[in-house]
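Residue numbers start at 1 and run along the sequence shown. All ligand and atom numbering here is 1-based and tracks the order in the structure.
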Amino acid sequence: MTVIHTPTPSGTPACVLGPTPDQVESLAAYRARGGYRADMAPEELLARVEAADLRGHGGAGFPTVVKLRAVRDGAGTAVVVANGEEGEPGSVKDRWLLRARPHLVLDGLTHAARITGADRAYVYLSDPAAAAAVRDALGACDPDPALRVEVVRTEPAYVAGEESAVVRRIDGGPALPTAKPPRPFERGVGGAPTLISNVETLARLALLASDAAATGTVLLTLSGGGLPAAVLTEAPYGVALARLAADHGVLPPSGVLMGGLFGGLLPPSALRLSLDRDLLARAGTGLGCGAIRFLAPDECPVSVAADAVDHLAVESSRQCGVCVSGTRALRDTLVALSEGRCDADGLAALSRWAQGLPGRGACGLLDAAARLAGSLLTGFPDLVDAHRSSPCPTCAATPPSGGHRLRVPVPVPVPVPVPARDPVPNAAATSVTAALPHSPAPACVG
Ligand code: SF4
């Protein structure tokens with residue numbers, strides 16, 4: 001089970017989690033909170049997006065205003081896509097958002113269509129519960145009569161949410177990445193300029209349109225570190241990882257797996273870092289999709305790295321030869337290290353691959369595998385050295401599982417019967433399971 005931690009009134013408002021994150025938000029409740037307002041001119045909303053510096057929440061953190069303008073100014077009528085395919089095993093926020101607050105995402109998608117001039121929109125996902133929630137929401141309301149919205153299902157896969165894979169799948173092909181360019185914003189679905197936006201990003205776009213503070217926080221999936229259950233929460237940018245860990249009862253970790261599998265494996269000293277894109281980038285890592293896995297004190301970073309790269313090797317779509325051979329070599333060498341069978345040549349090869357493989361695949365999966373190996377070598381040199389000479393009992397007890405132990409279950413929000421007149425939800429009824437006493441941030445109406 002994954003629990004949801006909502007901030008308290010003295011802490012950061014839960015902009016995207018909203019007041020009832022354990023329930024499916026009804027149309028009436030969403031409207032009562034100021035949703036589906038269409039009174040803001042697209043140019044005005046675009047200016048807000050720029051002023052708020054809204055970034056993508058799917059992984060790369062690209063400025064949303066740049067994408068919106070590029071698609072709006074492209075040749076042909078635009079297409080917009082809400083990308084809810086969440087391939088990271090340690091992340092649940094996108095599927096939760098679609099399951100619990102589908103109207104918020106659809107509202108953001110509608111605003112993105114108005115800004116770009118799109119007349120077609122897609123919600124792209126693999127999660128059956130999320131698809132059902134979105135279909136129910138579309139059945140309850142037509143967000144914009146001028147916009148045709150369609151739900152497109154895909155098979156779950158690590159690379160299925162990559163932008164070019166999204167375009168291929170919506171066009172009727174397999175959900176596999178392609179070499180770039182052209183990028184989707186130039187030529188995407190059906191050859192049209194296409195905005196592919198993560199569902200949390202769209203949710204924040206909708207909040208901006210309803211006058212809410214929407215960009216000071218980020219959805220996080222926290223797991224590991226001795227937590228009895230993974231946690232979905234919303235935290236302000238700027239909070240230190242150490243504070244985040246302490247607030248949620250994480251035991252002193254032996255390492256941190258950042259940004260799902262994309263931010264690498266960091267040593268305990270990284271707890272001084274805070275949720276700040278620039279700071280994290282300078283430290284060679286990133287927040288990515290907001291999944292943070294704290295390693296338990298008795299967990300070995302070598303075994304976690306081997307397991308994570310094993311997962312990526314399994315998930316490789318096997319289109320690029322360098323990815324097939326590269327992920328396999330990285331995985332085999334890390335497994336050898338975990339079993340005390342890696343010599344100096346093996347370590348030298350690991351280091352060489354960590355530096356030389358990034359950028360050589362058609363998508364970022366190979367980069368993630370290389371970064372995991374490289375971050376293990378640079379962040380845990382003594383531990384790596386110790387593994388060369390003798391087998392590690394912890395690694396022996398936790399052999400690679402294809403990333404199975406990195407998976408986090410998605411919270412299941414409860415459908416709420418729609419009353420004749422939907423009341424404004426009572427914040428006191430929210431399932432608050434922990435407090436996050438962070439410094440206050442601007443109020444929002446999420
Ligand atoms: S880098 Fe790997 S996962 Fe990405 S497209 Fe190539 S083979 Fe597939």
Side-chain angles (χ1 to χ4, degrees), residues 56 58-62 81 83-91 94 124-126 152-189 194 196 198 257-265 285-286 288-289 291 305-335 349-350 352-376 400-404 406-407:
F62 196 74
V81 180
N83 186 1
E85 179 48 18
E86 191 169 42
E88 284 284 355
S91 180
D94 291 335
Y124 174 82
L125 40 67
S126 65
V152 174
R153 293 277 306 278
T154 187
E155 289 298 314
Y158 192 81
V159 297
E162 198 272 346
E163 285 196 349
S164 59
V166 174
V167 170
R168 277 180 91 179
R169 177 69 192 91
I170 293 175
D171 276 342
L176 297 174
T178 52
K180 311 137 190 137
R183 303 295 313 222
F185 70 83
E186 300 165 304
R187 204 162 70 238
V189 174
T194 301
I196 297 176
N198 168 264
L257 194 56
M258 277 297 290
L261 304 183
F262 259 88
L265 195 52
T285 183
C289 61
D307 200 22
V309 175
D310 187 35
H311 178 74
L312 293 172
V314 169
E315 288 288 322
S316 165
S317 67
R318 302 179 187 282
Q319 298 186 108
C320 318
V322 67
C323 178
V324 177
S325 59
T327 52
R328 188 191 303 140
L330 287 164
R331 187 262 318 275
D332 291 350
T333 310
L334 286 169
V335 170
L350 210 51
R352 210 168 49 245
W353 295 329
Q355 292 172 41
L357 288 175
R360 294 183 57 195
C363 79
L365 182 143
L366 181 59
D367 302 19
R371 190 174 299 120
L372 277 162
S375 59
L376 178 73
S401 64
H404 187 72
L406 306 176
R407 288 197 186 282

Interatomic distance, Asp367 atom CG to Arg360 atom CZ [nearest 0.5 angstrom]
11.0 Å

Which distance, rounded to the nearest 0.5 Å, do you find between the CZ of Arg328 and the SG of Cys323?
10.5 Å

With a sphere of 6.0 Å drawn around CZ of Arg187, does it hold more than 12 non-hydrogen atoms of other residues, nucleotides or ligands?
no

Give me the residue, atom name and distance of the protein heavy atom closest to atom 8 (Fe) of ligand 1.
Ser317 OG, 2.1 Å

Could you see which bit of Arg318 sits under 4.0 Å from ligand 1, with heavy atoms only: side chain, backbone, both or neither?
backbone

Heavy-atom contacts with Ala362 under 4.0 Å: which atoms of ligand 1 show up? List them by number with element.
1 (S), 5 (S), 6 (Fe)

Counting from 1 in the order shown, the ligand 1 atoms closer than 4.0 Å to a non-hydrogen atom of Gly361 are 1 (S)

Is there an N/O/S atom in Cys323 that lies less than 2.8 Å from atom 2 (Fe) of ligand 1?
yes

Return the residue, atom name and 0.1 Å-rounded distance of the protein heavy atom closest to atom 4 (Fe) of ligand 1.
Cys363 SG, 2.4 Å

Interatomic spacing from CG in Asp307 to CG in Leu261 - rounded to 0.5 Å:
9.5 Å

Please list the nearest protein heavy atom to atom 6 (Fe) of ligand 1 with its residue and the distance rounded to 0.1 Å.
Cys320 SG, 2.2 Å

N/O donor-acceptor pair under 3.5 Å between Gln319 side chain and Pro177 backbone:
yes

Do any of the N, O or S atoms of Ser316 sit under 2.8 Å from atom 8 (Fe) of ligand 1?
no

Going by the atom numbers of ligand 1, which of them fall below 4.0 Å from some non-hydrogen atom of Val159?
3 (S)

Keeping the roles fixed (side chain from Glu85, backbone from Ala160), state whether a donor-acceptor pair exists under 3.5 Å.
no

With side-chain contact (heavy atoms from CB on, under 4.5 Å) as the criterion, how do Ile196 and Val167 come out once you've worked through the C-alpha distance, each side chain's angles and the decisive distance to 0.1 Å?
CA-CA 9 Å; Ile196 297 176; Val167 170; 3.6 Å; yes

